[in-house]
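Lettering follows sequence order; numbering is per chain, from 1.
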Number of protein chains: 2
Amino acid sequence: MRGTNRPSLKDVAAIVGVSTASISRCINNPQKVAEPTRLRIKKAIESLGYVPHFGGRALAINRTNTIGAIIPSMENAVFASGLQAFQEALSHAKVTLLVGSSNYNATQEYDQIRSLLSQGADGLLLIGKDRPKNTQDFLERNSVPHVLAWCFAEHMSSLTVGFDNRKSGQKITKHVIEHGHRKLAVIAGLREGNDRAHERILGIEDAVKANPTVEIVAIEECKYSFNEAGAALDRILAIEKSPTAIICSSDVLAVGAMLRTKDLGLRVPDDLSITGFDDINLARVVTPGLTTVRVPQQEMGRKAAVILLDLINPNRSNAELQSIELTTPIITRGTLAYL
Amino acid sequence: MRGTNRPSLKDVAAIVGVSTASISRCINNPQKVAEPTRLRIKKAIESLGYVPHFGGRALAINRTNTIGAIIPSMENAVFASGLQAFQEALSHAKVTLLVGSSNYNATQEYDQIRSLLSQGADGLLLIGKDRPKNTQDFLERNSVPHVLAWCFAEHMSSLTVGFDNRKSGQKITKHVIEHGHRKLAVIAGLREGNDRAHERILGIEDAVKANPTVEIVAIEECKYSFNEAGAALDRILAIEKSPTAIICSSDVLAVGAMLRTKDLGLRVPDDLSITGFDDINLARVVTPGLTTVRVPQQEMGRKAAVILLDLINPNRSNAELQSIELTTPIITRGTLAYL
DNA sequence: TTCTCGCATGCAAGCGCTTACATTTTTAAG
DNA sequence: CTTAAAAATGTAAGCGCTTGCATGCGAGAA
């Protein structure tokens, strides 16, 4: 909206022959304006193609009706679909989504937080719960309304909508162990600054420790790409004690590993079992289908939106908002063999 | 940024003991402020945790440094990755991305356009080139800076960054025909309000018409989901003249069809050839690998950002900006058989 | 020493909108 | 008819920031 001379309230007022206040009221509280005037105003607005100036309004009401989301990357379908659900929910409430991406990097996330906030975001959706002190401080000090998705924690200063990554990691591992596997390997995302990856591994270790006959023969971290995962698989296969199952902390990683096994002439799950995490489309499409953990992507997006909208609602009920814990069912397909 | 009492320029000025003008200058034109003052100001800003108020600034400079993108859906990886690239490019230029999604629906797109613009977007990224007259009019009348991606056209009032969907459709079809196929079927996205789907089919028809021995035995439209594509495949197989190849206007559709063939016990490509369009991760992962058309998703995102940034640059060179045509190579994998 | 010029800073006028309060008009009760 | 209350509209003061112009200062030139 940047024609050289966009119409302003004044212009509309001049045409209709009323004060700017009436126009404003007509836009924000139509019932406060008499029917006939309202009609004339509507017509004038229409004919001028008037659109309220965002800055002016934001300045006056100190609110932008805008919410920011900072996700690691839209490249990964799991976040893209969560974001899509989030956006749709916001859209119904007439609030607009600002997007930033952190590339799994805490500094970038901090920058994006500052940036989105300085763009006027009324609230923020963030992924995961661990962040550096300065980021944390910044959020608190400015009392930024925000919710954390993809994780769950009670008794935290922030609200969360998601699941317990550690428990989920433990659950899938237990599942693998129940299939008779004793030597496990792990391919995970880089743990640094990524609590989800970190906690999932912790969960895996929990399950292993609970069972003395089971051991983890290798943990390989790598970026979220097929090729990196393939390389991680190579490293794992290079060690003496071959695992019978590889637990991956993400479907992308799992599928990358599967692709590599194919190149190597290994059969999944006969020669090697592989499990994923996320349950994105890829998991369903690869052959055999990937046994994985379903992450409630869309549900998180939708629920996070609800909470956030409530949080920034100026006349919000004092109703105590609660963190929400969602479940992560195991989806059984074909990559996990009984030993 | 909505602490009950966020600091304003005035507060900073009070602490430093200079006028608000100097603070403003220090933020926007540091070289216009003497070194020592600048340092003191920086310190004060830091200690207060001051962040410029978005509305105030937007009102004063009549610009938001915000660009909107309206894509059909982030659910489809092809758009998600284009959007990711777009966002990154914008981020480098310190501009923020507003996101809306249209769900392949012209009315929703129009609403989102209005919405993003009223949120102050300085410019817009839109997908595809055909839209209803009212949308078109709206864009022109308000002279909204915008670029259209995922399509290409010269001599249009809008700039485009993308490829010629029709030519690409023709190209893959020619490729299929060269493999000896004579009876083709098509699974496409809903054409209504979707010029990409529409033009791809036109291209397919072009290629077929150029070769009298070839015919299209069926064209099925459906939504972009595996199941819908599977159902479309069923409909195609139900007719008498069985096609030997199915050309799909998107990878999602192609993979959905492949999944269904598997259920049906049909072998791809031995019993049936299938081609896709987009070249998203799915195409590489499915077995056999999907022969498809590569769409330069990220390149479009990046280049669209460059153009758009130029377009909204207040002191922009008069350099005539040009639409950009990108190529769409055919990626040969395993779903297209020689007959 | 005086005069200029340039640099650093301050002053103050908006930018377009909302809203508390004041004023006018309408409505309805007596 | 009056008159009070309610409804409709107007007035004007900001919201926080930017920026053209004015001012004050010190340095170098004459």
Student: Quick check on contacts: within residues 29-39 of chain A, what sits under 4.0 Å from DNA chain C by heavy-atom distance?
Tutor: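 Within this stretch, nothing sits under 4.0 Å of the strand.
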Student: Can R38(A) and E35(A) be counted as an ion pair, charged N to O under 4.0 angstrom?
Tutor: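 Yes, R38(A) and E35(A) are salt-bridged.
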Student: Any heavy-atom pair between the side chains of D11(A) and L48(A) that's under 4.5 Å?
Tutor: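 L48(A) reaches D11(A) side chain to side chain.
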Student: Any donor and acceptor pair, going by atom type alone, linking the side chain of D195(A) with main-chain N or O of K129(A) inside 3.5 Å?
Tutor: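 Here the side-chain-to-backbone pair exists.
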Student: Measure the shortest side-chain to side-chain distance between E325(B) and T160(B) over non-hydrogen atoms and say whether it is less than 4.5 angstrom.
Tutor: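 Heavy-atom side-chain distance check fails, nothing below 4.5 Å.
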Student: Side chain of N76(B), backbone of V78(B): donor and acceptor closer than 3.5 Å?
Tutor: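 Side chain of N76(B) to backbone of V78(B), a donor-acceptor pair under 3.5 Å: yes, one is there.
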Student: In chain order, what residues pass the side chain to side chain contact (heavy atoms under 4.5 Å, CB included) check against A106(A), with sequence neighbours excluded?
Tutor: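 A106(A): side chain to side chain contact (heavy atoms under 4.5 Å, CB included) contacts with P132(A).
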Student: Distance check needed: dT18(C) P versus L59(A) CG, whole Å only.
Tutor: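 Computing the L59(A):CG to dT18(C):P distance gives 11 Å.
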Student: How long is the span from the CZ atom in R196(A) to the SG atom in C151(A), to the nearest 0.5 Å?
Tutor: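 So the gap between those two atoms works out to 8.0 Å.
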Student: 5' to 3' on DNA chain D, which nucleotides open and close the contacts with chain B (atom under 4.0 Å from a heavy atom)?
Tutor: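 Nucleotide range in contact with chain B: dG16(D) to dG20(D).
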Student: When you measure from the side chain of S24(A), which nucleotide among dA20(C), dG10(C), dT18(C) comes out closest?
Tutor: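 Comparing dA20(C), dG10(C), dT18(C) against the side chain of S24(A), the answer is dT18(C).
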Student: Under a 4.5 Å cut-off applied to non-hydrogen side-chain atoms, are S118(A) and F54(B) in contact?
Tutor: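 Not in contact.
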